[in-house]
Undergrad: 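Once you've had a glance at the structure underneath, I'll fire off some questions.
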Amino acid sequence: MSFQERRSIVDLVSSILITAFYSAYMVQRFPAGDPYSPDVFHFWGAFFLILIPVAIVAKIVIYIIFYLLNTVATREEESSITDERDKLIEQKAQMNSMYVFVIGVLVGMVSLVLNMPPSVMFIIFLCAGLVSEMVSNISKFYFYRRGF
Amino acid sequence: MSKPLVIRNNIRKLRFNHDEMTQQALADQVGVTRQTIIAIENAKYSPSLELAFRIAFTFDMPLAEVFFVEDGSVGRNS
């Protein structure tokens, strides 16, 4: 298994774990009561804004650990080159990811049309974000495994 | 719509003829990763024209001696 394939798996697992642990922590702070109160919108705004730096820091830490373990296990330093094939794979993976996220946003809009509480829309957005990231990582793994 | 051409190459043979040049050495010379050289050798990935020329220059060969279209895949348009 190549370094890029291993990195895709690490990315996939870390995305799931970060979102799961963060959501489990934040759900305890969800405001009880009226599902249409301004507190609910405040909660979801803070939820997404805090998730971004938390995810960045967590990923940096996970990457450092992964690079160290990979170097120890394989006894070889990985090339820092990003060549044309890497860029094309990245583009294809991002395109697949974007399609999934757009579908998620549309489903979120449908939840509003169906008079569901706004929290449902935000949960759909969160799921769409996670699933689109998973699709991106799975796409990368697939393309690297196949060759392109 | 035309069918995609099946592009093959002689990179493995050319590496052998150049003192059994390693995939890593070729990758370093043309500025890509070893995985990309593996993908090109196995005809899984068709390189850009620039990279194809870089590889040909490395072996000091014309492009057509390094890359070629597989017999039967030319002219089969549907």
Side-chain angles (χ1 to χ4, degrees), chain A residues 1-14 59-60 62-99 133-148, chain B residues 1-16 18 20-59 61-64 66-74:
Chain A
M1 191 182 286
S2 72
F3 172 76
Q4 289 94 339
E5 287 163 24
R6 284 194 293 271
R7 194 175 56 190
S8 304
I9 293 171
V10 169
D11 259 341
L12 177 67
V13 174
S14 64
K59 285 222 168 184
I60 289 171
I62 290 168
Y63 276 145
I64 291 169
I65 295 168
F66 166 62
Y67 274 76
L68 285 174
L69 290 177
N70 184 67
T71 306
V72 169
T74 61
R75 302 255 176 227
E76 58 186 40
E77 281 205 18
E78 275 311 317
S79 165
S80 57
I81 296 172
T82 303
D83 62 25
E84 59 179 45
R85 181 170 146 270
D86 294 321
K87 286 175 189 163
L88 283 172
I89 288 175
E90 182 72 35
Q91 279 176 9
K92 280 182 147 189
Q94 275 186 3
M95 207 161 68
N96 292 345
S97 163
M98 193 195 67
Y99 288 142
E133 203 165 335
M134 288 168 67
V135 166
S136 169
N137 292 318
I138 291 167
S139 301
K140 280 184 205 165
F141 181 81
Y142 171 74
F143 290 129
Y144 276 119
R145 181 119 281 229
R146 202 182 60 164
F148 180 61
Chain B
M1 195 178 155
S2 59
K3 278 190 175 180
L5 296 176
V6 181
I7 299 169
R8 303 279 177 192
N9 62 78
N10 292 317
I11 294 176
R12 175 71 193 89
K13 195 167 75 184
L14 290 166
R15 282 197 302 109
F16 181 80
H18 280 70
E20 195 63 51
M21 180 193 278
T22 63
Q23 290 170 328
Q24 187 63 58
L26 176 60
D28 291 342
Q29 286 202 39
V30 298
V32 297
T33 61
R34 191 173 72 88
Q35 301 304 321
T36 297
I37 297 296
I38 294 169
I40 294 169
E41 273 192 15
N42 294 331
K44 297 275 176 69
Y45 171 64
S46 296
S48 68
L49 199 53
E50 184 184 338
L51 178 55
F53 269 111
R54 279 181 193 278
I55 293 169
F57 290 156
T58 301
F59 295 120
M61 301 281 272
L63 191 62
V66 182
F67 294 94
F68 58 92
V69 177
E70 194 175 71
D71 286 345
S73 74
V74 185

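Computed over heavy atoms, backbone and side chain alike; hydrogens, waters and symmetry mates excluded. A, B, ... follow the sequence lines: proteins, then strands. Residue 1 opens every chain.
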Undergrad: Above 12 or not: heavy atoms from other molecules or residues under 6.0 Å from CZ of A:R6?
TA: yes

Undergrad: So does A:F148 have more than 12 non-hydrogen atoms from other groups sitting under 6.0 Å from CZ?
TA: yes

Undergrad: How long is the gap from CZ on A:R146 to CG on B:N42, to the nearest 0.5 Å?
TA: 13.5 Å

Undergrad: Is any side-chain heavy atom of A:E84 closer than 4.5 Å to one of B:Y45?
TA: yes

Undergrad: With rounding to the nearest 0.5 angstrom, report the OG1 to CD distance, B:T33 to A:Q4.
TA: 5.5 Å

Undergrad: Does a donor on one side chain and an acceptor on the other come within less than 3.5 Å for B:Q35 and A:S2?
TA: no

Undergrad: Nearest 0.5 Å please: distance from the CG atom of A:L88 over to the OG1 atom of B:T36.
TA: 9.5 Å

Undergrad: Might you point out which heavy atoms bring B:A39 and A:G147 nearest each other, and give the distance in Å?
TA: CB-O, 3.7 Å

Undergrad: Is it the case that more than 12 heavy atoms not belonging to B:F68 sit under 6.0 Å from its CZ atom?
TA: yes

Undergrad: Count the heavy atoms belonging to other residues, nucleotides or ligands that lie under 6.0 Å from OH of A:Y63, then report whether that count exceeds 12.
TA: yes

